[in-house]
Number of protein chains: 4
Amino acid sequence: MKPEERKNRILDCAKRLFSKNGYHNTQISDIISEAGIARGTIYQYFQNKEDLFSSLLDSLYRGLEGSIIISPEEVKKYMARPGSYLGYRIKRTLEYFYSDRDLCSIVLRITQGLQPEFGHLIRRFENKLMELLKGDIELGKKHSTVRKDIDTELTANLIAGALFRISYNYFLSDNPRHGRVDIDEITEKIVSIFMKGLFLETS
Amino acid sequence: MKPEERKNRILDCAKRLFSKNGYHNTQISDIISEAGIARGTIYQYFQNKEDLFSSLLDSLYRGLEGSIIISPEEVKKYMARPGSYLGYRIKRTLEYFYSDRDLCSIVLRITQGLQPEFGHLIRRFENKLMELLKGDIELGKKHSTVRKDIDTELTANLIAGALFRISYNYFLSDNPRHGRVDIDEITEKIVSIFMKGLFLETS
Amino acid sequence: MKPEERKNRILDCAKRLFSKNGYHNTQISDIISEAGIARGTIYQYFQNKEDLFSSLLDSLYRGLEGSIIISPEEVKKYMARPGSYLGYRIKRTLEYFYSDRDLCSIVLRITQGLQPEFGHLIRRFENKLMELLKGDIELGKKHSTVRKDIDTELTANLIAGALFRISYNYFLSDNPRHGRVDIDEITEKIVSIFMKGLFLETS
Amino acid sequence: MKPEERKNRILDCAKRLFSKNGYHNTQISDIISEAGIARGTIYQYFQNKEDLFSSLLDSLYRGLEGSIIISPEEVKKYMARPGSYLGYRIKRTLEYFYSDRDLCSIVLRITQGLQPEFGHLIRRFENKLMELLKGDIELGKKHSTVRKDIDTELTANLIAGALFRISYNYFLSDNPRHGRVDIDEITEKIVSIFMKGLFLETS
DNA sequence: AATGAATGAGTATTCATTCAT
DNA sequence: AATGAATGAATACTCATTCAT
């Protein structure tokens, strides 16, 4: 097995274990026995447990960037109709979390109770999504598809929180839903709420 | 100092420390030195660290129940206008988290990465809110103030996620906002989004 | 057993083991099994292995100060005849090392190859003796009992080196001499060399 | 690079590192990175770390033998005047240590705290010097240049201890003296003490 | 001969919990 | 009830050595 392969194998096993048991309840011993390597080997690739976890977060983050960024062509395409653009963003975000349950668990759950030493790495995920959402909202305001009186920051938080919780609750294996999850359907439902609101018109 | 007092003192110190440092990074040593008691004393009141944390979650949970449940009279009062009822629920929920930053940190952050051993205790908070929100939505549907085509479960998750994130981001001391937070204002903004949606009517 | 007793017991066992096996070849495990205590107990009294060793050096050093300092009355008493004062100093120094073979081994042997982190503590022993010897020589020059043309620093080094080596070679248990060592006799021989030199007068 | 060259290069780097950091604080990693070779290569030339250190001591010892042995012709030459012979021995010994600071540090410092496993190799240095010094003294006694009443063994230890300490303190780079060290001057001062003693004649 | 990734025994240290006083 | 010294299982990390390439 080549070094690069082995490193990825370690990261992979670590991802599974961290996602299942959390940072503190995952021991180096667990990781090496899962990966089928010797105790010392792990320290050839990572300085220590913290560095391993950081590296893992790093690799997950790189996946995020690739997944949820929308290209200029796509922007044009989806900008036409209000809601269609937001829907696309939502769908892409849900797809990111849906694509990898372990990732989802680590980013949305494991990561949360950790110490400031990981703070920076942890925030990157939400900061990135927040940044994109705020950009989307501002863009919408500029194009006059989004109401100008809404609070950008608060709304971005509202959407992000909604997406995190829905991802967490619908995608994680230990919170199983009956049948397969249909992201298009969920997206549509969410967009519908943000399009029309919750309430009937009380003309 | 009376036993009951002492127990509360321990819980209080533990709350501060857990909220700041997390479960694993808070040591018994920290708690006893913060509480000014002897090492053994803590075990007179709690079986072990886990029991102490559970007891703490218990006491926080009892506060939740008292805070966000809406009495039948209030239901009547707020049911009249669509949105006013939801707004009231949102406000009460935000107030609950705003009232105690440590509580907010523990419930929304510290608790997240923990092991299944706490799972049950942890879920109670969100389950309670979810139950109430779902009830609200169903009630709204029955009274024909809420659109019948929305997905109750998903919408409850959406609202809960939004409220959690907003609480976390606006109330916690280490995520400071400029100036004091105005819950009424935040509530109004959130309600507005759920009333009218995000978008301008495109005639 | 009282805490103070226990701490001394640990220091005592550590002294024996360090003196025999050196710093790096003495494990915490060795010390605790020698002292008959639990693994954690040692860390109640000392921060870590380094701190334990430092504390040990400290206590040995305090013994040195008590042993080789000569009171003003003694100075007067011995100052009368040249050589008698130096002899007294030599005797006191030899007695210090002779009194405790472990001390002797630690100060003269174990300590030598260690890292800068102990440098300060290690130097104290030789610095103290050097300081005293240099004082003695200067005093002798002032009283015109010592030749004014000798180099104080170099001579102090010469005497110190001689005393260290003789102590090490005559006193240490693993460098055994036949029969008991007679410090008075050794002292006399050393003084004789420094009194008359090594050589016959070749008048 | 030829094998022999490479082996010497390793020994050379090891010497520098051991002399600076001691045996236990010098890692194989340090040596290979200093020598610019691969980890495995070192084991082609030496069985293990202990063997490497032994080989190093061996090579240093061979230097000692070459340096401080005095040829029969020289014996004749210097035997004439008392003191001149001893002075020559002292000078040669000091020169040996002065010629190589790393050697000096290893022999006089690093080596000291080590375990019995090196005992034999370590003693060789001092044994050799002791053997020579004792021979010198006995020779002096035979030629009636040295006082017959002095204790050969003790005196040899005294001189050896003095030379070790003076070498260590005057030659090592981390115990710097102002200006360059003049071995002839030091030798002269030492010999003077052993010639005339320390004290003024109080006839 | 040279390489360097892999190995795993060895070690210091932590920290929740106990229990004699 | 309160104390705090003692406990020891658990754990991360090191580093000399090996061996397939």
Side-chain angles (χ1 to χ4, degrees), chain A residues 1-7 10 24-33 35-52, chain B residues 1-3 6-7 24-33 35-53, chain C residues 1-7 10 24-33 35-52, chain D residues 1-3 6-7 24-33 35-53:
Chain A
M1 191 181 288
K2 282 183 188 165
E4 197 57 26
E5 267 182 90
R6 193 170 290 254
K7 182 170 185 178
I10 294 172
H24 289 286
N25 287 308
T26 297
Q27 272 70 50
I28 295 291
S29 300
D30 300 333
I31 298 172
I32 61 172
S33 72
I37 56 170
R39 189 154 283 266
T41 304
I42 216 167
Y43 292 93
Q44 289 233 324
Y45 295 97
F46 306 97
Q47 287 178 1
N48 49 38
K49 188 180 170 183
E50 195 175 319
D51 178 49
L52 167 58
Chain B
M1 193 182 286
K2 283 183 190 165
R6 195 173 288 253
K7 183 169 184 177
H24 289 285
N25 286 310
T26 297
Q27 272 72 49
I28 295 291
S29 301
D30 300 332
I31 298 172
I32 60 171
S33 73
I37 57 170
R39 186 159 281 265
T41 305
I42 218 168
Y43 291 90
Q44 301 253 338
Y45 295 95
F46 306 98
Q47 286 175 8
N48 49 38
K49 187 180 172 184
E50 196 175 319
D51 179 48
L52 166 59
F53 190 67
Chain C
M1 190 182 288
K2 282 181 188 166
E4 196 57 26
E5 267 182 89
R6 195 171 288 254
K7 183 169 183 177
I10 295 171
H24 289 286
N25 285 309
T26 297
Q27 271 71 50
I28 294 291
S29 301
D30 300 333
I31 298 173
I32 60 171
S33 73
I37 56 171
R39 189 155 282 268
T41 305
I42 216 168
Y43 292 93
Q44 289 233 324
Y45 295 96
F46 306 98
Q47 287 177 2
N48 50 38
K49 188 180 169 183
E50 195 176 320
D51 179 49
L52 168 58
Chain D
M1 192 182 288
K2 283 183 189 166
R6 195 174 288 254
K7 183 170 184 178
H24 289 285
N25 286 309
T26 297
Q27 271 74 50
I28 295 291
S29 302
D30 300 331
I31 298 172
I32 59 170
S33 73
I37 58 171
R39 185 159 283 262
T41 305
I42 217 168
Y43 291 91
Q44 301 253 337
Y45 295 97
F46 305 97
Q47 286 176 8
N48 50 37
K49 188 181 173 184
E50 197 175 318
D51 179 48
L52 167 59
F53 191 66

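Letters go in sequence order (proteins before strands), and every chain restarts at 1. The structure presented is a predicted model; accordingly, all values stated were derived computationally and were not measured.
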When rounded to whole Å, the CD1 to C1' distance for the pair D:Ile42 and E:dA5 reads 17 Å
Assign each of A:Ala38 and B:Ile28 the nucleotide of DNA chain E bearing its closest heavy atom; nearer the 5' end lies the nucleotide of A:Ala38
Any N or O donor-acceptor pair under 3.5 Å from the base of F:dA6 to the side chain of C:Gln44?
yes
Ignoring backbone atoms, test whether A:Thr41 places a side-chain nitrogen or oxygen under 4.0 Å from the OP1 or OP2 oxygen of E:dT7. yes
The residue, C:Ile37 or D:Glu50, whose nearest nucleotide of DNA chain F is more 5′ is C:Ile37
note: A:Ile32, atom CD1; E:dT7, atom P; distance rounded to Å ~ 10 Å
F:dT11 -> Watson-Crick or G-U wobble partner, both distances under 3.5 Å, gives E:dA12
Closest non-hydrogen atoms of B:Tyr43 and B:Asn48, given as atom of the first, atom of the second and distance, are CE2-CA, 3.9 Å
C:Lys2 atom NZ is separated from E:dA20 atom C1', nearest whole Å, by 16 Å
For D:Ile37 and D:Ile42 the tightest heavy-atom approach is CD1-N, 4.2 Å
Checking D:Thr41 against D:Ile32 for the side chain to side chain contact (heavy atoms under 4.5 Å, CB included) test, could you report, in this order, the C-alpha distance in whole Å, the side-chain angles of both residues, the deciding distance, and whether it holds?
CA-CA 8 Å; D:Thr41 305; D:Ile32 59 170; over 6 Å; no
Taken to the nearest whole Å, CE/C:Met1 to P/E:dT21 is 14 Å
As its Watson-Crick or G-U partner within any shown strand, both distances under 3.5 Å, F:dA1 has none
When you measure from the side-chain N and O atoms of C:Arg6 to the phosphate of F:dA6, is any distance below 4.0 Å, counting only OP1 and OP2?
yes
Determine yes or no for a side-chain-to-main-chain donor-acceptor pair under 3.5 angstrom, with D:Asp30 supplying the side chain and D:Gln27 the backbone. yes
Just wondering, more than 12 heavy atoms not from C:Gln47 lying within 6.0 Å of its CD? no
In whole angstroms, the gap separating P of F:dA16 from CG of D:Asn25 amounts to 11 Å
- prompt: Just checking D:Gln27: base, sugar-phosphate only, or nothing, at a heavy-atom cut-off of under 4.0 Å?
  reply: sugar-phosphate
Whole-Å distance, C:Leu52 CG to E:dT11 P, equals 16 Å
- Item | Phosphate-side-chain proximity, D:Tyr45 and E:dA2, N/O vs OP1/OP2 below 4.0 Å | yes
Between NE2 of A:His24 and P of F:dT11 the distance, given in whole Å, is 13 Å
Note: for A:Asn48 and B:Arg39 on DNA chain F, the residue whose nearest nucleotide lies more 5' is B:Arg39
A:Ile31 CD1 to F:dA12 P, in whole Å, measures 8 Å
